[in-house]
> 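Input: one structure, supplied below.
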Amino acid sequence: MMAETKSIERQKNEDSGGQNQLECPVCSSENIRQDSETAELICQKCGTVIEEDMVEESAEPRAFTAEEREKRKRTGSPLTYTKHDRGISTQIGHGGSLSEVAPRKRGQYHRIRRWDRRIAESRSRNLRFALSELQKLVDDLNLPKSVHEESARLYDKAIGQETVKGRKIEKIVASLVLLVARDQRVPRTLREVAEASDIDKRELGKNYRYVARELDLRIIPARPEDFIPRFGSKLDFSGHTQARALNIIEQAREKDLISGRSPEGVVAAALYIASLVEDEKRSQKRIADTIGVTEVTIRKGYQDFVEGLGLEQEVEKAREDQN
DNA sequence: AAGACGAAAGTGGTTGA
DNA sequence: TCAACAACTTTCGTCTT
C-alpha cells in the first residue's frame with residue numbers, strides 16, 4: 001500500500017559510529033552509538049535516545065500529537081488548553097553541547113518538577129498518583145525523560161477531557177507510555193509495558209486503543225528497526241550483526257514481506273538470520289524469550305525472509321562453516 | 001540433552017462484503 | 001456488522017546435533 005522510500009545510499013560502516021566520552025543519563029552506560037540513519041545517539045545498553053533531531057527533520061516526530069482537533073463538547077471549553085505545547089520536545093537536545101548532558105542528573109528533571117508544583121496547586125490526588133505511577137513505569141522500562149514529560153503532559157490533557165473518568169489510572173498511564181515511547185522511536189513491546197505496569201497484556205491492548213482514540217493520537221505501528229539496538233545488545237550482538245539485521249529488515253520491507261507482521265516477529269527473525277550469517281549464532285529459544293515471541297514465529301519469519309530475499313546460499317554457507 | 005522443525009488447534013485483530 | 005483470513009501462540013511429537 002504505502003510506497004516505502006527507496007533509500008539508495010547505505011552507510012557501510014554502521015559500527016564505526018562515534019564512541020564519545022558520553023554517558024547515558026538513564027543507565028550511565030558509556031556504550032553509546034550514533035545511528036547512521038537517523039543521526040540519533042542511542043544507548044546500546046538500554047536503548048535510550050540521548051539526543052535527537054541533530055539534523056533538524058521536523059517532519060515526523062511530532063506528527064503524532066501535532067494536530068489536536070478540538071472536540072466539540074457542546075458546553076465545555078474546547079481548546080483553551082494547549083494549543084500546542086511545543087516547548088517540551090523542542091527544548092530537549094537543544095540546550096547545546098553533549099557534554100552538558102552527562103554531568104549528573106542534578107537539575108535534569110527540573111522541567112518535570114513543574115508538574116509537581118501543579119500538583120501542589122490543584123491538590124489533585126489523582127494526578128499525584130498518576131505521576132508516581134508514571135515515574136515507576138519510566139524507571140522500570142528505562143525510558144528517556146522526553147517520554148516521561150510527554151506522557152505527563154498527555155495525562156494532564158486527558159484529565160481535562162474527562163477521559164480518565166471511571167478508568168483505572170494505571171491503565172491510562174501505561175497506555176500513554178506505550179504510545180509515546182513508540183512515537184519517540186524508543187518503543188517498548190506490549191508485553192514489556194504490561195509486565196512493568198502489572199496489567200494484563202490483553203487488557204492493555206484494548207485500553208491503549210481507547211486512550212489513543214480519546215486523545216486523538218495517531219496509532220503508528222512500531223518500527224522493527226527501533227527495537228534492534230536494545231534487543232541487539234541484550235543478546236550480545238556486535239554492531240556488525242545488528243547492522244545486518246537492520247539491512248535485512250530494510251530489504252524485507254522493500255519486498256513487502258513485512259506488512260501484516262508484528263514488529264516483534266520481524267525483529268526476531270531478522271536477528272536470528274543475522275546471527276547465522278554473521279557467525280554469532282543464538283538459539284531460536286534465546287531470541288524468542290528475549291523479545292517475547294515464540295520460536296514458531298521466528299521460524300516462519302525466517303523461512304519467508306530467507307526465501308524472499310534470496311539468502312539461501314548465504315545461510316547454507318554459514319551453516320557449513322559452523323562445522 | 002538441547003536445538004530445530006513443523007503439524008494441529010485455538011485466539012485476537014484486520015479486512016472486505 | 002459479520003464472516004473470512006492471516007499472523008501468532010501453545011502444545012507436542014520427531015528429527016538432528
> So which nucleotide from B/dA4, B/dG6, C/dT10 ends up closest to the side chain of A/Arg319?
B/dA4
> Please figure out whether A/Val296 or A/Tyr272 has its closest DNA chain B nucleotide nearer the 5' end.
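The residue mapped nearer the 5' terminus is A/Tyr272.
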> Between A/Lys157 and A/Asp216, does at least one N-O distance fall below 4.0 Å, as a salt bridge requires?
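Between A/Asp216 and A/Lys157 there is no salt bridge, as every charged N stays at least 4.0 Å from the carboxylate O atoms.
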> If you compare every side-chain N and O of A/Gln303 against the phosphate oxygens of B/dC5 (OP1, OP2), does one of them come in below 4.0 Å?
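So the side chain of A/Gln303 is outside the cut-off, no N or O lying under 4.0 Å from OP1 or OP2 of B/dC5.
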> When we call it a touch if two heavy atoms are under 4.0 Å apart, what does A/Arg209 touch: a base, just sugar-phosphate, or nothing?
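It contacts sugar-phosphate atoms only.
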> With a non-hydrogen cut-off below 4.0 angstrom, is A/Gly292 in contact with a base, only sugar-phosphate, or nothing?
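Result for A/Gly292 = sugar-phosphate.
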> From the list B/dG12, C/dT9, C/dC8, which nucleotide is the closest neighbour of the side chain of A/Arg202?
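Out of B/dG12, C/dT9, C/dC8, the nucleotide with an atom closest to A/Arg202's side chain is B/dG12.
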> Any salt bridge linking A/Glu280 with A/Arg244? Criterion: basic side-chain nitrogen under 4.0 Å from a carboxylate oxygen.
no
> What stems show up for DNA chain C when you take Watson-Crick pairs (N1-N3 plus N6-O4 or O6-N4) and G-U wobbles (N1-O2, O6-N3), both under 3.5 Å, and require three or more consecutive pairs?
B:1-11 with C:7-17, B:13-17 with C:1-5
> Work out which heavy atom in A/Val266 is nearest to a heavy atom in A/Arg261; give both atom names and the distance.
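For A/Val266 and A/Arg261, the tightest heavy-atom pair comes out as CG2-CB, 3.8 Å.
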> Take the protein atom CG of A/Asn207 and the nucleotide atom P of B/dG13, then report the distance between them rounded to whole Å.
12 Å
> If you compare all heavy atoms of A/Arg191 against all heavy atoms of A/Asp289, which two are closest, and at what distance to 0.1 Å?
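Distance-wise, the nearest heavy atoms are NH2-O, 3.6 Å.
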> Given that A/Glu295 and A/Asp304 both sit by DNA chain C, which one's nearest nucleotide is further toward the 5' end?
A/Asp304
> Return the value, rounded to whole Å, for the distance between atom NZ of A/Lys206 and atom C1' of B/dT14.
16 Å
> Are A/Glu150 and A/Arg153 ion-paired here, with the side-chain N under 4.0 Å from a carboxylate O?
yes
> Check whether any side-chain nitrogen or oxygen of A/Ser262 sits under 4.0 Å from OP1 or OP2 of C/dC8, and answer yes or no.
yes
> Looking at B/dA1, I'd like to know if its phosphate oxygens (OP1 or OP2) sit under 4.0 Å from a side-chain N or O belonging to A/Lys285.
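No, A/Lys285 has no side-chain N/O under 4.0 Å of OP1/OP2 on B/dA1.
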> Between A/Glu170 and A/Lys168, is the closest basic N to carboxylate O distance under 4.0 Å?
no
> I need the OH-C1' distance between A/Tyr302 and B/dA4, as an integer number of Å.
10 Å
> Output the rounded distance in Å from CD1 (A/Ile298) to C1' (B/dC5).
13 Å
> Checking all strands, does A/Lys201 fall into the base, sugar-phosphate, or nothing category for heavy-atom contacts under 4.0 angstrom?
nothing
> Any side-chain N or O of A/Gln284 under 4.0 Å from OP1/OP2 of B/dC5?
yes
> Can you tell me the distance, in whole Å, between the NZ atom of A/Lys300 and the P atom of B/dC5?
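For the pair A/Lys300 NZ and B/dC5 P, the rounded distance is 14 Å.
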> In terms of side-chain heavy atoms of A/Arg261, which of C/dA7, B/dG6, C/dT9 is nearest?
C/dA7
> Ignoring hydrogens, what is the shortest heavy-atom contact between A/Val315 and A/Leu276? Give both atom names and the distance.
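Answer, listing the atom of A/Val315 first, then A/Leu276: CG1-CD1, 4.1 Å.
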> Could you please name the option among C/dC8, B/dG6, B/dA4 that lies closest to any side-chain atom of A/Ser283?
B/dA4
> Could you tell me the separation between the CD atom of A/Glu203 and the P atom of B/dT11, rounded to a whole number of Å?
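Whole-Å distance recorded here is 17 Å.
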> Between A/Ile291 and A/Leu271, is there a side-chain heavy-atom distance shorter than 4.5 Å?
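A side-chain contact exists here, since the closest heavy-atom pair is under 4.5 Å.
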> Both A/Val293 and A/Arg299 contact DNA chain C. Taking the nearest nucleotide for each, which residue is further toward the 5' end?
A/Val293
> What's the CD-P distance between A/Glu320 and C/dT17, to the nearest Å?
12 Å
